Asks: 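Input: one structure, supplied below.
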Amino acid sequence: MLEKDDYILATHRGHSDIISKGARLDKMMAELFAKKTGYCRGKVGSMHIVAPECNVLGCSAIVGAGIPIACGVALACKMKNWQRVTVCFLGDGATFTGAFHEGVGIAAAFDLPVIFVCENNQYAISTYWKDYLKLQYITARAKGYGIPGVSVDGMDAKAVAEAASDAIEKARKGGDPTFIEGRTYRYYGHGQYDPGNTDRTKDELEQWKRKDPIEKLYSFLLKESLIIEEENEEIEVNLSQELDEAVEFALKSPEPKTEEACKDIYCENLWRARGRKKECAS
Ligand SMILES: Cc1ncc(C[n+]2csc(CCOP(=O)(O)OP(=O)(O)O)c2C)c(N)n1
Ligand SMILES: [Mg+2]
């Protein structure tokens with residue numbers, strides 16, 4: 001299991017990853033609403049949340065951008081002799097970026113304590129992964145650099161957890177990297193603008209929905225008597241209440257002031273370095 005001190009870097013779909021690392025729903029929701037109380041004071045929105053309090057070092061909509069950063073963080077941990085693990089989430093499409101090949105190559109060469117988790121949801125926007133990759137498993141790309149790769153059923157939470165536990169234990173002990181591919185599926189379109197039905201068939205979607213990981217996990221927990229129906233209902237009610245409270249917090253939060261637009265961002269330092277007066281649009 002990941003500890004509080006471990007680090008994660010996530011993608012443009014990082015909400016669930018950072019919640020599982022302990023990010024607060026209210027501060028996330030406020031960031032989505034561009035409010036001052038958000039994780040990044042309302043400056044980054046949905047896709048670039050950074051939550052240093054729980055070692056979430058950033059989500060990024062720049063495909064593959066987290067990969068070299070994760071390697072840098074893992075290298076720092078190794079140099080400081082910290083037994084900390086860095087997890088970097090990426091999509092199938094991200095394995096086509098230069099950053100992927102540079103990062104994975106460095107992680108292998110330096111035996112870095114980093115885990116690459118590739119959420120292979122079959123598509124990069126509208127491109128089906130098998131139309132652009134003539135490999136049976138994406139893990140082959142990491143293996144080509146000498147990194148062990150594990151391909152698991154990404155719709156099976158138990159299988160994913162087992163693969164993750166092995167990789168975490170290995171990274172924490174000796175600092176070796178692992179690449180995990182989770183085969184999964186994107187139920188919706190790529191983004192809000194995309195109805196999600198132009199490049200995929202209804203049948204394909206229905207087939208994947210029948211393997212829904214939440215349903216599967218719930219059935220497993222019931223079968224093993226690890227949960228009872230009433231407990232599950234209670235969890236659902238509590239979660240829904242927590243979400244309502246987060247939305248209310250975001251709605252009631254103040255907007256950032258115009259004069260704060262150039263604060264806490266890179267260009268403030270850049271302007272200072274160039275000896276120029278900071279100018280904020282009013
Ligand atoms: C460097 C870069 N190139 C292109 C884009 C445009 N873009 C946004 S998301 C995306 C697809 C990414 O696919 P994948 O890595 O499989 O992630 P998924 O959206 O499937 O989770 C692309 C090409 C981008 N944001 N950044
Ligand atoms: Mg994808």
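This is a predicted model, so every value here is computed, not measured. We count ligands from 1, going down the list as the structure has it; atoms in each ligand are counted the same way.
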Asks: May I ask you to list the atoms of ligand 1 that are less than 4.0 angstrom from any heavy atom of A124?
Replies: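 Numbered from 1, ligand 1 contributes 13 (O), 16 (O).
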Asks: Check E119 against ligand 1 and report side chain, backbone, both or neither, counting heavy atoms closer than 4.0 Å.
Replies: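 Neither; nothing of E119 gets under 4.0 Å from ligand 1.
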Asks: Give a yes-or-no answer on whether the side chains of Y185 and E204 include a donor-acceptor pair shorter than 3.5 Å.
Replies: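 There is such a pair between these side chains.
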Asks: Test side chain to side chain contact (heavy atoms under 4.5 Å, CB included) on Q122 and Y128; report intermediate values, then the result.
Replies: CA-CA 6 Å; Q122 322 277 316; Y128 180 51; 3.8 Å; yes
Asks: For atom 21 (O) of ligand 1, which protein heavy atom lies nearest, and how many Å away is it?
Replies: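 Answer, as residue, atom name and distance: R13 NE, 2.8 Å.
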Asks: May I ask you to list the atoms of ligand 1 that are less than 4.0 angstrom from any heavy atom of G91?
Replies: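 Counting from 1, the qualifying ligand atoms are 14 (P), 15 (O), 16 (O), 17 (O).
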Asks: Can you tell which part of N121 has a heavy atom less than 4.0 Å from ligand 1: side chain, backbone, both or neither?
Replies: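 Near ligand 1, N121 shows its side chain, while the N, CA, C and O stay back.
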Asks: Near the Mg ion (ligand 2), is there an N/O/S atom from N121 that is less than 2.8 Å away?
Replies: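 Here the distance criterion (N, O or S atom, under 2.8 Å) is met by N121, so yes.
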Asks: For salt bridge (Lys or Arg N to Asp or Glu O under 4.0 Å), just list the numbers for K173 and E169, CA-CA rounded to whole Å, side-chain angles, deciding distance to a tenth of an Å, and then say yes or no.
Replies: CA-CA 6 Å; K173 271 190 196 151; E169 201 183 326; 3.2 Å; yes
Asks: Looking at Y7, is R84 sitting on its ring face, NZ or CZ under 6.0 Å from the six-membered ring centre and within 45 degrees of the normal?
Replies: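 No - R84 does not lie over the ring of Y7 by the 6.0 Å and 45° rule.
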Asks: Quick check: does D92 put an N/O/S atom under 2.8 Å from the Mg ion (ligand 2)?
Replies: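 So D92 does bind the Mg ion (ligand 2) by this criterion.
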Asks: Does an N or O anywhere in R186 fall below 3.5 Å from an N or O of ligand 1?
Replies: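 No; the residue has no nitrogen or oxygen that sits under 3.5 Å from a nitrogen or oxygen of the ligand.
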Asks: In sequence, state the C-alpha distance, the side-chain angles, and the governing distance for L9 and F89, and then conclude on side chain to side chain contact (heavy atoms under 4.5 Å, CB included).
Replies: CA-CA 6 Å; L9 288 113; F89 294 92; over 6 Å; no
Asks: Kindly confirm whether the Mg ion (ligand 2) is within less than 2.8 Å of some N/O/S atom in Y123?
Replies: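 For Y123, the answer is yes, given that an N, O or S atom comes within less than 2.8 Å of the Mg ion (ligand 2).
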Asks: Could you tell me if any non-hydrogen atom of D92 lies under 4.0 Å from any atom of ligand 1?
Replies: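 Yes.
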Asks: Suppose we measure from atom 14 (P) of ligand 1 to each protein heavy atom; which comes out shortest, and what is that distance?
Replies: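 The protein heavy atom lying closest is G93 N, 3.4 Å.
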Asks: Does any N or O atom in A61 lie less than 3.5 angstrom from one in ligand 1, N or O only?
Replies: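 Yes, at least one N or O pair falls under 3.5 Å.
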Asks: Does the N or O separation between I125 and ligand 1 drop below 3.5 Å for any pair?
Replies: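 In this structure, I125 places no N or O atom under 3.5 Å from an N or O of ligand 1.
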Asks: Nearest heavy atom to atom 7 (N) of ligand 1 wins, so pick from T95, T11, V63.
Replies: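 Of the listed residues, V63 has the closest heavy atom.
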Asks: Does any donor atom in the side chain of S253 or K36 lie under 3.5 Å from an acceptor atom in the other side chain?
Replies: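 K36 and S253 do not have a side-chain donor-acceptor pair below 3.5 Å.
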Asks: Does F96 have R141 sitting over its ring (NZ/CZ under 6.0 Å from centre, angle to axis within 45°)?
Replies: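 That pair qualifies as a cation-pi contact.
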Asks: Compute both the distance and the angle, then confirm whether K209 meets the cation-pi test with Y187: under 6.0 Å from the six-membered ring centre, within 45 degrees of the axis.
Replies: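 Yes, a cation-pi geometry holds between K209 and Y187.
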Asks: Do other residues, nucleotides or ligands put more than 12 heavy atoms under 6.0 Å from the CD atom of Q192?
Replies: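 No, the 6.0 Å shell around CD holds no more than 12 heavy atoms from other groups.
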